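Everything quoted here is computed from the prediction, not taken from an experiment. Values below: all heavy atoms of this structure, side chains included; hydrogens, waters and symmetry mates excluded. Order of the sequence lines fixes the chain letters, A, B, ..., with proteins taken first and strands second; residue numbering starts at 1 for each chain.
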Amino acid sequence: MTLRIYNTLTRQSESFEPLTPGQVSMYVCGPTVYDNAHIGHAMSSLVFDIVRRYLEYRGYQVRHAMNYTDVDDKIIVRANDAGEEPLHLAERYIEQYAQHLRELNVLPATVYPRATEEIPAIIEMVGGLIDSGNAYAAEGDVYYRVESDDDYGKLSHRKLEDMNAGARINVDERKEHPMDFALWKAAKPGEPAWDSPWGPGRPGWHIECSAMVFRHLGEQIDIHGGGNDLIFPHHENEIAQSESLSHKPFARYWMHNGMMQLSGEKMSKSLGNLITITDFVASHEPDVLRMMILNTSYRRPLTYSDEVVEAAGRGLERLRSGLNPALPGASGAATGVLASLQAEADAAAGKFTAAMDDDFNSAAALAVLFDLVRLINQTRDAGATDAELKPAQDVLRELGGVLGLRLERAQKDADAAPFAALASSLQAEISDAAIAAALSAATSLDAAGIIAALLDARVQLRAQKQWQLSDTIRDRLAVLGVVVEDSAGGSSWRWG
RNA sequence: GGCGACGUGGCCAAGUGGCAAGGCAAGGGUCUGCAAAACCCUGACCACGGGUUCGAAUCCCGUCGUCGCCUCCA
């Protein structure tokens with residue numbers, strides 16, 4: 001079986017064959033850091049994190065680069081408005097985005113190049129493009145000459161003439177052709193600038209990516225990714241620049257994720273209809289966003305709504321239920337039941353891979369996990385022990401991990417004080433001296449120890465049919481974040 | 001105006017020629033003192049209209065609708 005990837009360039013799903021067997025070079029366009037990032041940016045990073053994780057699961061060694069555009073017009077405008085140094089403002093937002101990536105459980109890229117750190121390479125490239133006749137300098141700016149590129153438009157599948165016809169571009173007199181784009185921009189007084197053969201200035205947006213790719217990954221890469229709003233002009237221009245110099249196909253597979261939608265429109269900074277990553281993670285687990293993305297095709301738009309978020313959160317909980325321990329008092333399941341579980345667990349990885357091999361069909365892959373969860377839960381209900389459940393749970397854990405999901409329930413290192421206080425206050429309400437004494441003895445333990453003692457006391461109270469008191473214990477533990485669940489063989493608890 | 005994507009049960013969504021995965025929600029049930037969790041059961045003929053085919057959600061044509069790109073944008 002081979003991995004197939006939908007290539008924007010050919011508009012087809014193709015078998016994935018990297019340039020170097022066993023190795024993959026992947027470049028993903030990161031954000032322009034002039035403001036708080038929103039969950040649309042997060043979506044892109046998550047999509048390619050899933051791609052990267054799956055490639056590694058498939059045995060590829062992945063060299064992954066994601067850039068930060070840390071100098072451009074918007075950054076300069078923002079900084080001027082705020083009275084801050086542009087590069088300082090960019091630095092702040094880079095740090096913030098890096099923190100978001102960690103929270104979202106996105107694996108660190110191999111390199112995080114920044115435009116401002118690539119200036120020499122950019123100047124060299126721009127010079128090379130002038131030498132080759134693909135670019136020209138004009139009053140301190142340098143423009144790429146689109147008519148010098150025979151197949152300009154091949155990625156976005158449009159012809160120069162067509163673009164011309166509908167172009168709403170204010171024609172710049174210095175450009176030979178309206179679609180020519182800036183490789184180098186002359187600096188206005190007060191703007192960040194670097195010396196160049198064309199005078200002080202800064203790089204145009206598109207050239208930085210080409211320079212970074214060439215320098216960090218090589219003239220040809222396997223996968224180039226980003227949001228589908230970058231197809232034109234950004235990626236189109238990257239191809240033009242890069243191939244004009246290298247005369248080789250720039251990227252073998254162009255992957256583009258769909259846009260996050262909110263209230264019927266693309267979420268974007270310019271429209272202002274956005275939810276920042278900060279806001280999202282303040283009220284949701286980061287993996288909920290990942291679940292939302294996994295549940296659909298990465299190429300399609302994802303509409304954000306409270307209902308979708310809710311469903312993703314519950315789905316995540318459901319996956320986690322598969323990792324729950326055996327029921328209290330479990331004594332083992334019938335061999336036939338265990339054999340079925342084993343067979344399903346063995347088959348799961350194959351089904352999972354088949355799904356993901358089909359252009360990262362994560363929704364289908366997720367379905368495999370849900371099926372496995374159901375069987376694990378059935379087996380648990382049939383009396384399986386922890387040891388009997390473990391092999392299937394290990395498969396669930398591993399495959400969930402390939403998708404970047406953290407299924408293990410958080411083991412909080414909780415403060416024991418509130419639990420000790422609870423145990424103490426309950427002593428007074430418990431008439432049975434032995435139970436009260438046991439609770440008293442437990443107050444010096446750690447949180448988990450006290451909780452265990454509370455549950456133990458509750459078991460005895462329930463045996464005495466003291467329902468009100470046992471419900472009180474359950475309710476008060478719930479307030480402290482502990483979920484108590486009773487079953488035929490006893491009680492168990494977990495952090496809720 | 002040009003290019004493209006999409007329209008599947010209440011919601012999200014996979015499937016792209018052979019009798020429609022999965023998740024969420026809802027209803028019923030098992031378990032249970034109650035609760036929770038888990039488990040079991042229940043629902044769609046795939047926007048609409050034509051056509052191709054032995055056979056279409058899946059291919060073709062048309063209509064309606066939604067969205068994206070064509071300007072900065074993940």
Using a 4.0 Å heavy-atom cut-off, does [X] contact any base of the nucleic acid, only the sugar-phosphate backbone, or nothing at all?
X	value
A/Met260	base
A/Arg409	nothing
A/Val484	base
A/Asp475	nothing
A/Gln378	sugar-phosphate
A/Glu310	nothing
A/Gly225	nothing
A/Met291	nothing
A/Gly313	nothing
A/Ser305	nothing

So, does the side chain of [X] form a donor-acceptor pair with the base of [N] at under 3.5 Å?
X	N	value
A/Asp471	B/G33	yes
A/Asp229	B/C69	no
A/Arg462	B/G33	yes
A/Arg380	B/A38	no

Are [X] and [N] close enough that a side-chain N or O sits under 4.0 Å from OP1 or OP2?
X	N	value
A/Arg300	B/A14	yes
A/Lys159	B/C70	no
A/Asn361	B/G15	yes
A/Arg318	B/C39	yes
A/Arg374	B/C39	no
A/Arg474	B/A36	no

Do we get A/Arg158 above A/Phe232's six-membered ring, with its NZ or CZ under 6.0 Å from the centre and within 45° of the axis? yes
Within 45° cone of A/Tyr34 ring axis and under 6.0 Å: A/Lys269 NZ or CZ: yes
Decide, yes or no, whether a salt bridge links A/Asp357 with A/Arg4 under the criterion of side-chain N to carboxylate O below 4.0 Å. no
The side chain of [X] is closest to which nucleotide in this list: [options]?
X	options	answer
A/Pro233	B/C67, B/C72, B/A13	B/C72
A/Arg314	B/A21, B/A25, B/A74	B/A25
A/Arg11	B/C3, B/C11, B/A14	B/C3
A/Asn377	B/A38, B/G4, B/U71	B/A38

Using the salt bridge (charged side-chain N to carboxylate O under 4.0 Å, His left out) rule, take A/Arg397 and A/Glu408 through it: C-alpha gap first, then chi angles, then the decisive distance, then the call. CA-CA 8 Å; A/Arg397 236 187 302 265; A/Glu408 217 68 62; 3.0 Å; yes
When the nearest nucleotide of RNA chain B is assigned to A/Ser156 and to A/Trp467 on a heavy-atom basis, which residue is associated with the more 5' position? A/Ser156
Judged by each residue's nearest nucleotide on RNA chain B, which is more toward the 5′ side, A/Ser321 or A/Asp72? A/Ser321
Who is the Watson-Crick or G-U wobble partner of B/A38, with both distances under 3.5 Å? B/U30
Identify the two heavy atoms, one from A/Tyr6 and one from A/Asp359, that lie closest to each other, and give their separation to 0.1 Å. N-OD1, 3.0 Å
Please find out if less than 6.0 Å separates the ring center of A/Phe181 from that of A/His206. yes
